[in-house]
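For reference, the structure discussed in these notes is given below.
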Amino acid sequence: RAGERSDESNAVAYALPRSVVKVRIVTEKESVRVGPYARFAQKLLGVMAPLADKDVYTIKSATLATATEADPSEIYALDNPDKSPLRIYDVTPEGLIAVTPEGMAAVPSAFAACPAEPCRNEAGLCRVVSHVGSDTSFVKFAVDRRSLAEKSPESMAMDAANAIFSLRKHRIDLVTGEAGENVFGDGLKAALDEIDRLEQEYLALFLGKQFRRTVVREYEVVPSADDTNAIVCRFSDNGGLLPSTDLSGRPVVLELTPEKKAQSAVLNRKKEARGTIYYKIADVVNCRLLDGNREIAQGRLPLYQFGVTAEMPVPSAK
């Protein structure tokens, strides 16, 4: 249990905190799927159509936040904690996490999960948050069963083009009243909506289909006081967010600029103190997330790694 002590030494071990920067990047993937009659679009419809499938990624936004975990490189022991009115060995959000001096068996789960060395970048967690217009199937044009001859792709494309022109003529006839004289009100609207739907299905045979989806990926970076730049991941317009080791993409860099104000903190020691405990003072760091030269997120975050480890006197009980 947290706070358990050894009967022999009557000592409590505790760990100081370290900061984790949580990076959340939102990207959009725009996909184009070529229509089966794309190469006939200019000839039959007079429009240019995409002739190859493609995916294009863009970074839409990003956010920075911090979390705290126990630092396995800063573990200290306090003798005779019962003589002090301070329960410094309780689990706190600031990271004063108690462990038994015999070993790490009683370390709380949040502490036990920490790696032996600070990791530069953990694997990103991916979540697809929206998927709009992702139907990539194309309508099949009805085959004339009276004909036994197999039609060429161009002949089938011509049938589809004729169907588009026929739908457009029917729309004009309905709007001008040349056809469907008893069609009005909601009935007219329903007929026009159906014509629009069919026209879009047939146009997709030539122009293809486009759809977008939004993907959120989250990363965790443990900063190091020795390095003010960390590669969070990499990004490619064709491949999206990539691992930091994939050199095919440009780096997305977390730039850290400490304000260096924590070093000026001074604690006066009282004469009646009989011991000390250590604690961390975080320094405020100006953080920028950069995609090349473009800033996609920024913020001022308190990070323990750029602060100082200080001592606080523990007065003995009277």
Side-chain angles (χ1 to χ4, degrees), residues 2 13-27 59 61-76 91-99 103-104 106-127 216-235 241-247 249-263 265 278-292 295-310:
Y14 58 95
L16 300 188
R18 70 179 180 186
S19 300
V20 179
V21 179
K22 292 182 174 291
V23 181
R24 185 176 185 268
I25 303 177
V26 180
T27 61
I59 295 179
S61 64
T63 56
L64 301 173
T66 58
T68 303
E69 64 184 17
D71 189 343
S73 67
E74 291 206 69
I75 301 177
Y76 301 92
V91 178
T92 70
E94 289 73 25
L96 284 173
I97 301 177
V99 298
M104 304 303 289
V107 177
S109 58
F111 184 94
C114 296
E117 295 293 335
C119 54
R120 293 298 306 170
N121 183 8
E122 297 184 2
L125 305 176
C126 177
R127 291 191 293 115
V216 177
R217 195 176 291 270
E218 298 173 346
Y219 300 87
E220 292 185 350
V221 179
V222 179
S224 170
D226 299 325
D227 192 357
T228 56
N229 290 297
I231 297 178
V232 178
C233 60
R234 292 180 181 269
F235 179 78
L241 293 171
L242 305 169
S244 58
T245 54
D246 191 335
L247 300 182
R250 59 183 181 269
V252 177
V253 177
L254 180 63
E255 182 183 272
L256 306 171
T257 306
E259 295 184 358
K260 298 183 178 180
K261 296 180 179 179
Q263 287 76 2
Y278 294 94
Y279 69 102
K280 295 285 288 189
I281 300 176
D283 192 24
V284 175
V285 179
N286 292 289
C287 305
R288 300 174 68 215
L289 190 65
L290 303 174
D291 172 25
E295 181 181 277
I296 56 178
Q298 64 86 27
R300 295 175 70 246
L301 303 176
L303 301 181
Y304 285 110
Q305 286 89 323
F306 294 95
V308 294
T309 300

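The model shown is predicted, which means the values in this text are computed figures rather than measured ones.
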Please give me the minimum heavy-atom distance between [X] and [Y], naming the atom from each residue.
X      : Y      : result
Pro223 : Val221 : CD-O, 3.3 Å
Pro258 : Phe306 : CG-CD2, 3.4 Å
Cys287 : Leu256 : SG-CD2, 3.5 Å
Leu242 : Cys233 : O-CB, 3.4 Å
Ala262 : Val308 : O-CG2, 3.7 Å
Leu64  : Gly299 : CD1-N, 4.4 Å

From [X] [atom1] over to [Y] [atom2], what is the distance, rounded to the nearest 0.5 angstrom?
X      : Y      : atom1 : atom2 : result
Leu289 : Ile59  : CG    : CD1   : 7.5 Å
Thr27  : Phe235 : OG1   : CZ    : 7.0 Å
Asp246 : Leu241 : CG    : CG    : 11.5 Å
Glu259 : Leu303 : CD    : CG    : 10.5 Å
Asp226 : Gln305 : CG    : CD    : 11.0 Å
Leu254 : Asp227 : CG    : CG    : 10.0 Å

Between [X] (side chain only) and [Y] (backbone N and O only), is there a donor and an acceptor less than 3.5 Å apart?
X      : Y      : result
Ser19  : Tyr304 : yes
Arg18  : Asp71  : no
Arg234 : Ser244 : yes
Asp283 : Lys260 : yes

Residues in side chain to side chain contact (heavy atoms under 4.5 Å, CB included) with Arg288, at least two apart?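 With sequence neighbours excluded, Arg288 shows a side chain to side chain contact (heavy atoms under 4.5 Å, CB included) to Glu255, Leu290, Glu295, Gln298, given in chain and number order.
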Are the side chains of Leu301 and Val285 in contact, using a 4.5 Å heavy-atom criterion?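 No, too far: nothing below the 4.5 Å cut-off.
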Between Tyr76 and Thr309, is any pair of side-chain heavy atoms under 4.5 Å apart?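 Yes, close enough: below the 4.5 Å cut-off.
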Quick one, Tyr219 with Val252, criterion side chain to side chain contact (heavy atoms under 4.5 Å, CB included). Give me CA distance, side-chain angles, the key distance, then yes/no. CA-CA 11 Å; Tyr219 300 87; Val252 177; over 6 Å; no
Going through the checks in order, is the side chain to side chain contact (heavy atoms under 4.5 Å, CB included) test met by Val216 and Val26? CA-CA 5 Å; Val216 177; Val26 180; 4.0 Å; yes
